[in-house]
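Hydrogens, waters and symmetry mates are skipped; everything else that's a heavy atom, side chains included, is used. Since this is a predicted model, take the numbers as computed values, not measurements.
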Amino acid sequence: MTAKPAGLRLPDSVSSLQDLATLQLEVRAYARWLSHEAVKIKVHAKNISEPPPLSPAANQLIHDYTAGKPATPAGLDELVQQLEDRKKKAPTLTITLAGPPTRGLKGTLVGWCRENIAPDVLVNFQFNASILGGLVVRSGSHTFDWSFRRQILDNRAKFPEVLRHVR
């Protein structure tokens with residue numbers, strides 16, 4: 001049996017359902033390779049193959065999940081199942097920005113959401129230039145609009161006065 005940390009913690013680079021599905025495929029492929037190699041070792045086969053390439057997020061997740069011990073096929077299968085459960089049950093948010101977010105901004109926003117909202121929250125990112133700046137957050141049927149567009153529309157009576165003072 002594999003030692004599990006208290007709660008599966010996804011790397012902040014794994015933010016969306018799509019990222020989680022990709023991570024799950026990587027871990028599943030690695031588990032399949034490890035299982036095949038275990039059989040080869042038992043029968044003393046000489047053609048041991050290289051492991052499939054893993055992303056830094058998959059490497060980190062496997063290392064954290066196994067608590068630094070060697071991974072086992074059964075432990076990785078359990079990890080794949082936990083990732084599947086996470087996909088089904090994790091709360092999700094959609095954050096819309098005025099432009100595509102940088103990797104650093106995505107990491108910062110995901111980290112903040114996981115620290116302040118829920119440790120297993122998944123965050124999907126969209127962009128829409130018409131919001132002009134700020135952000136819009138959707139969670140279920142709730143929408144929180146902190147966009148510049150919303151601020152301008154909410155203060156449209158004051159807008160001509162502000163423009164008169166612009167030089």
Side-chain angles (χ1 to χ4, degrees), residues 2 4-31 52-68 71 75-167:
T2 305
K4 291 178 287 224
L8 179 64
R9 171 101 167 102
L10 294 176
D12 288 346
S13 62
V14 178
S15 62
S16 67
L17 283 172
Q18 183 177 1
D19 293 343
L20 185 55
T22 300
L23 183 66
Q24 186 180 13
L25 288 172
E26 280 188 86
V27 173
R28 186 176 286 136
Y30 187 76
L54 292 174
S55 66
N59 264 328
Q60 179 185 347
L61 181 69
I62 291 170
H63 180 269
D64 292 350
Y65 188 79
T66 60
L76 291 177
D77 288 342
E78 190 177 303
L79 175 57
V80 168
Q81 185 57 50
Q82 284 194 23
L83 292 171
E84 183 63 31
D85 292 345
R86 176 70 55 94
K87 275 188 349 191
K88 293 176 183 174
K89 297 176 184 174
T92 59
L93 296 173
T94 300
I95 296 177
T96 303
L97 302 164
T102 62
R103 186 175 302 155
L105 179 59
K106 282 175 81 169
T108 299
L109 290 172
V110 170
W112 186 93
C113 289
R114 289 188 178 157
E115 193 173 304
N116 295 287
I117 297 173
D120 60 344
V121 70
L122 296 173
V123 183
N124 296 306
F125 288 92
Q126 297 179 346
F127 69 94
N128 179 349
S130 72
I131 70 169
L132 305 175
L135 63 128
V136 178
V137 178
R138 286 186 192 82
S139 176
S141 62
H142 300 285
T143 300
F144 304 94
D145 190 342
W146 294 291
S147 67
F148 292 175
R149 181 177 190 272
R150 172 62 34 217
Q151 294 298 315
I152 291 169
L153 290 174
D154 287 349
N155 295 298
R156 72 183 89 178
K158 297 177 187 174
F159 196 63
E161 181 64 28
V162 170
L163 286 178
R164 275 188 227 118
H165 291 88
V166 176
R167 293 179 197 234

Under the rule for ring pair (Phe, Tyr, Trp, His ring centres under 6.0 Å), what residues qualify as partners of Tyr30, not counting sequence neighbours? Trp33
Here the pair of heavy atoms bringing Arg156 nearest to Leu153 is NE-O, 3.1 Å
Pairing residues for Trp146 by the ring pair (Phe, Tyr, Trp, His ring centres under 6.0 Å) criterion, not counting sequence neighbours: Phe144
Closest approach of Arg149 and Ser130, non-hydrogen atoms and distance? CD-O, 3.0 Å
Testing the basics here: between Arg114 and Val121, what is the closest heavy-atom pair and its distance to 0.1 Å? NE-O, 3.0 Å
Can you confirm whether Phe125 sits close enough to Leu109 that some side-chain heavy atom of one is under 4.5 Å from a side-chain heavy atom of the other? yes
Is a side-chain donor or acceptor of Gln60 paired with a backbone partner of Pro11 at a separation under 3.5 angstrom? no
What are the two closest non-hydrogen atoms of Pro91 and Ala118, and how far apart are they? CG-CB, 4.1 Å
Checking Asp85 against Gln81: is there a side-chain donor and acceptor pair closer than 3.5 Å? yes
Spacing of Phe127 atom CZ and Ile95 atom CD1 [to the nearest 0.5 Å]: 15.0 Å
Rounded to the nearest 0.5 Å, how far does CG of Leu122 lie from CG of Leu20? 6.0 Å
Separation between CD of Glu78 and CG of Leu83, rounded to the nearest 0.5 Å: 11.0 Å
Once side-chain contact (heavy atoms from CB on, under 4.5 Å) is applied, do any residues pair with Val136, and if so which ones, sequence neighbours excluded? Thr96, Ile131, Arg138, Thr143, Asp145, Ser147
For Val14 and Ala57, the nearest pair of non-hydrogen atoms, with its separation, is CG2-CB, 3.8 Å
Strictly below 4.0 Å, N to O, side chains only: are Lys158 and Glu161 in salt-bridge contact? no
Taken to the nearest 0.5 Å, the spacing of Arg103 CZ from Ser15 OG works out to 11.5 Å
With a cut-off of 6.0 Å (strictly less than), are more than 12 heavy atoms of other residues, nucleotides or ligands near CD of Glu84? yes
My understanding is that only one of Asp77, Leu79, Leu54 makes a side-chain contact (heavy atoms from CB on, under 4.5 Å) with Val27; could you say which? Leu79
State the CG-CG distance between Leu61 and Leu8, to the nearest 0.5 angstrom. 5.5 Å
Taken to the nearest 0.5 Å, the spacing of Gln82 CD from Gln24 CD works out to 11.5 Å
Write down the atom of Ser16, the atom of Asn124, and the distance for their closest heavy-atom approach. CB-OD1, 3.0 Å
Is the shortest heavy-atom distance from the side chain of Leu10 to the side chain of Leu23 under 4.5 Å? yes
Could you check whether any side-chain heavy atom of Val123 comes within less than 4.5 Å of a side-chain heavy atom of Trp112, counting everything from C-beta outward? no
